[in-house]
Every structure is written in structure tokens, then in C-alpha cells.
Amino acid sequence: MSQKRRERLGGVDRANSIWQVNTFTVRSARTSDVAKIRDLVRPLAVDRILLDKESVTYYESIQEFVIAEDAGGEVAGCGGLHVIWEDIAEIRTLATGARYRGQGVGHALIEELLRRAKAVGVSRVFCLTFEVAFFERHGFTVMEDQSAVDHEVYQELLHSRDEGVAEFLDLARVKPNTLGNTRMILAF
């Protein structure tokens, strides 16, 4: 990261994996954050931008999530990184509170999720989104090739019960939930 970019975004404490962005801190989510995550997602689910999930789903995957919170400790945004195969992961449930949009919260969350993807050995990250321009600004491109994995891996992924994997594979059974979304990918 360039010095100019670091000054604009704030510093990063790599040892503790915590970003300080202007007045926001990005940290690993805790179980106590689940209600706040649901509160962020619920209005976006009502608008059919994100899918609503049961609390148990968030608890089961809490270790995948990061939280952005403001200086007062209020949750400003969240996002998750879900590894689906050796070299590919999904950024999911990226949400920013309405009053925090346009303040760099989403950018900080993406930066941390991509850092974590690299740290675990992932070389490609995909998302399913309505926010194409936002993800393009972060280097993602629209997935033109429906076969982003080879046939053997595709066959293995078909055994997954995870809806995100089904979305990545563009399976017909998830179409009613994902109509209008764009599949995007970033390779690094």
C-alpha cells in the first residue's frame, strides 16, 4: 500500500489485523455482533439487495465476518469472506449502514477481506452484487466465463450445500433469489 493511500485510509496494525480508517475500525466479528449484523442486513434484504439470513447462520459463520465500527463503537458495516475451494472465496453480506455510506466504510471492509483472502492462500475472490461500479473500483470484473473452475472442481463443488457455492456455479435452483445480480471476480 502506498504511503499516500495509507495516509488517506489511516494505519493498519498487521499484528492484530485491525484497520483504523479515519474514524472507523475494522476488526474480526464477535458473537455479540450478530444482532448488529442482522440490523444492517435487514433493510437491504427488504429492498432485495441482500438475502436475509437466520441468526443461526451468522453464528455458524461468525469467524468469516469483519465489522467496521465508528469511534463510538457503533457498527457501521460488515462483510464476510467464505472460502469455497483451494483458490477461490466469496465476499458475502457486505453491508454498510445508511448513514455511513460514501464515507469509505465499504472500501475498508473490502481491503480487509482481500487481505484475509491472500493470507489464507486464495488467489481469486468473487461476489454476487447489484453494486457493480463499487466492485469495479476495487478491481473486480464481470464474470463472462461461466466456467471459472475446471470440470473436476465443478463436480466437487456440486456436493456443497452452501448457497454461495450454488450462486458461484450459477445453478438454476438459486436463480429466483439472485435475479438481477451480477457475478464478479477479482484475481490477484
Side-chain angles (χ1 to χ4, degrees), residues 1 5 9 12-19 26-31 33-34 37 41 49-51 53-54 56-68 77-95 106-179 181-188:
M1 181 182 298
R5 190 170 180 194
L9 293 176
V12 62
D13 177 352
R14 295 247 185 246
N16 295 316
S17 187
I18 297 175
W19 281 82
V26 176
R27 61 166 173 80
S28 295
R30 302 179 195 111
T31 56
D33 294 319
V34 167
I37 292 170
V41 171
I49 295 169
L50 291 177
L51 294 176
K53 299 175 185 168
E54 298 298 328
V56 67
T57 304
Y58 292 117
Y59 284 115
E60 289 173 341
S61 60
I62 198 68
Q63 70 281 357
E64 298 177 354
F65 277 84
V66 293
I67 296 292
C78 66
L81 179 75
H82 182 74
V83 175
I84 64 170
W85 199 252
E86 178 182 7
D87 66 335
I88 195 158
E90 176 189 11
I91 287 181
R92 54 173 53 170
T93 319
L94 187 68
H107 174 77
L109 290 165
I110 289 280
E111 288 289 316
E112 177 60 13
L113 293 169
L114 293 176
R115 186 198 67 74
R116 289 175 181 222
K118 291 174 188 175
V120 298
V122 169
S123 59
R124 297 179 297 162
V125 177
F126 86 97
C127 65
L128 190 68
T129 186
F130 289 107
E131 301 297 333
V132 173
F134 172 80
F135 280 95
E136 283 177 336
R137 286 192 302 272
H138 293 90
F140 285 75
T141 58
V142 174
M143 287 178 65
E144 300 295 338
D145 182 11
Q146 297 300 317
S147 59
V149 294
D150 64 37
H151 181 70
E152 278 183 34
V153 172
Y154 183 91
Q155 292 302 315
E156 288 287 332
L157 290 175
L158 285 174
H159 296 288
S160 175
R161 295 175 188 203
D162 186 89
E163 289 299 304
V165 173
E167 292 166 352
F168 173 71
L169 297 176
D170 203 26
L171 299 179
R173 69 180 170 86
V174 295
K175 294 278 190 221
N177 292 329
T178 61
L179 246 81
N181 283 353
T182 301
R183 293 168 64 229
M184 301 185 76
I185 195 160
L186 169 70
F188 36 80

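As the structure is a prediction and not an experimental result, all values here were calculated from the model.
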Do [X] and [Y] come close enough that some side-chain heavy atom pair is under 4.5 Å?
| X | Y | value |
| --- | --- | --- |
| L109 | V26 | yes |
| T129 | I49 | no |
| R183 | F126 | no |
| I62 | V34 | yes |
| T31 | Y58 | no |
| M184 | E136 | yes |

Exercise. For T93, what residues pass the side chain to side chain donor-acceptor pair (under 3.5 Å) criterion, not counting sequence neighbours?
Worked result: K53
From [X] [atom1] over to [Y] [atom2], what is the distance, rounded to the nearest 0.5 angstrom?
| X | Y | atom1 | atom2 | value |
| --- | --- | --- | --- | --- |
| E64 | L81 | CD | CG | 7.5 Å |
| R124 | I185 | CZ | CD1 | 5.0 Å |
| L94 | F65 | CG | CZ | 10.0 Å |
| R92 | C78 | CZ | SG | 12.5 Å |

Exercise. Quick one: do the E90 and H82 side chains pair a donor with an acceptor below 3.5 Å?
Worked result: no
For this session: Return yes if a side-chain donor-acceptor contact under 3.5 Å exists between R116 and S28, otherwise no.
Result: yes
Those residues that, when tested against [X], pass side chain to side chain contact (heavy atoms under 4.5 Å, CB included) (two or more places apart):
| X | result |
| --- | --- |
| E54 | V56, T57 |
| L114 | I91, I110, V125, F140, L186, F188 |
| Q63 | none |

